[in-house]
Amino acid sequence: MKTHTPKLIFFLALSLVTACKDNTSITPIDKSSKSVSPIQISHTFSTGAQPKNVIFVIGDGTGINQISALEFYKEHHVYYDDFPIVGLSKVSSTSLITDSAAAGTAMACGEKTFNKAIGVDAQGNDLPNLIELNEQLGGANGLIATSSITHATPACFYAHHNDRNDHEIIASFLPKSSVDFFAGPGLKYFNNREDQVNLIDTLKANGFTIETTNLKAYPEAQKVGYLLADKDMPKMLDGRGSFLIDATQMAIEHLSKNDNGFFLMIEGSQVDWGGHDNDFDYMISELIDLDDTLGAILAYAKQNQNTLVVVTGDHATGGLSLSADNGDYNKIKPSFSSPGHNADWIPVFAYGPGAEQFSGVYENNMLFHKIKALLSPDN
Ligand code: MG
Ligand code: ZN
């Protein structure tokens, strides 16, 4: 039986957050002298383990404490519980603490790089990403985010640039990218730009049907893009509704028409923002939305056994802990210890053909190499 405080009773926690202690005599090891080049992984897979489709889910700012909180603050089923395979990834970039750009690049492109890097290596050279590689295999590709589609995490799957903050430059990569379906906010970086270029026209010239008001289906369109807000989608707390789950189901419907399979990246972007704000209510409501989306994804993967689902985070945020409230072991007091990111190992959950490749402990850039090897075992 669960014993914890009723949901959303945590107002005191925020006022009681204490500053991070920084008086330890133990100094972190110098990772700058450690090699971060990827190790080789085995290319031997059990019979029939090659997936046709890969759905890759990133909860931005989602560490083990965030996910654990679902157990106590989500009223209905927790879908993270349903994954048979779990691994752990180490997420440092070339800094000890990663940002979402370097972590996104590691996962999308396979190399550790500097914070702020979008699809480029530590020297600034372009790196091929999973979506570009999958297009060469004849696969269709999709991206969904609740932050701007030009934000660091999704950007690493189609753009190559040395600064995540240059949203208008990042947007200019999307029309000619290997993406066939995208859904998220960020409209202003396409139609209200300093250079006066209308990238909506450029997207259309490159075969996209673009929708800016709602998730209306375009079953005949080859390529579809939804840009549903100027900058960010509303918070769940402010009534975003079922955007993430609806966009996911539309993407699967659209991409699964491709005979050669698909790669779909879905980001629950704003879990991280709740962490930065040290706002537990914001964080957990975003994570519940992502978990419900996992339910829809797993339902598809269970019906379509050729689909691999991999779920992870890019890093944890906020130094969240779920501690006893003032020594009362029947009450949890969620508390944050930092406005920034953490260095914690991050869990990886997998289901479907090839899922066993994701057990164990490894660097986050190995996620790219594992998925690449599963999509293309001969290369
Ligand atoms: Mg992100
Ligand atoms: Zn963050």
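In what follows, residues are counted from 1 in the order of the sequence shown. Atoms within a ligand are numbered from 1 in the order they appear, just like the ligands themselves. All values derive from a computational prediction rather than experimental measurement.
Exactly one residue among Lys235, His276, Gln270 makes a side-chain hydrogen bond (donor to acceptor under 3.5 Å, both in side chains) with Tyr282. That residue is Gln270.
Using a cut-off of 4.0 Å between Lys/Arg side-chain N and Asp/Glu carboxylate O, Lys74 and Asp292 are scored as salt-bridged.
Under 2.8 Å from the Mg ion (ligand 1) lies an N/O/S atom of Glu267, whether from backbone or side chain. None of the N, O or S atoms belonging to Asp272 lies under 2.8 Å away from the Mg ion (ligand 1). Taking backbone and side chain together, Ser147 holds no N, O or S atom under 2.8 Å from the Mg ion (ligand 1).
The backbone N or O of Gln123 sits less than 3.5 Å from a side-chain atom of Asp121, completing a donor-acceptor pair. Under the 3.5 Å distance criterion, the side-chain polar atoms of Gln66 are matched with a main-chain donor or acceptor of Gly63. Within the 3.5 Å criterion, the main-chain N or O of Asp99 finds a donor-acceptor partner in the side chain of Asn115. Using modelled atom types, no side-chain atom of Asp232 and backbone atom of Ser147 make a donor-acceptor pair closer than 3.5 Å.
Ring to ring, Phe358 and Phe349 are not that close: their centroids are 6.0 angstrom or more apart.
The environment of Asn214 atom CG is dense: over 12 non-hydrogen atoms of other residues, nucleotides or ligands sit within 6.0 angstrom.
Near-neighbour remark for the Zn ion (ligand 2): protein N, O or S atoms under 2.8 Å are Asp272 OD1, Asp272 OD2, His276 NE2, His341 NE2; waters not counted.
For Asp60, the N, O or S atom with the smallest separation from the Mg ion (ligand 1) is OD2.
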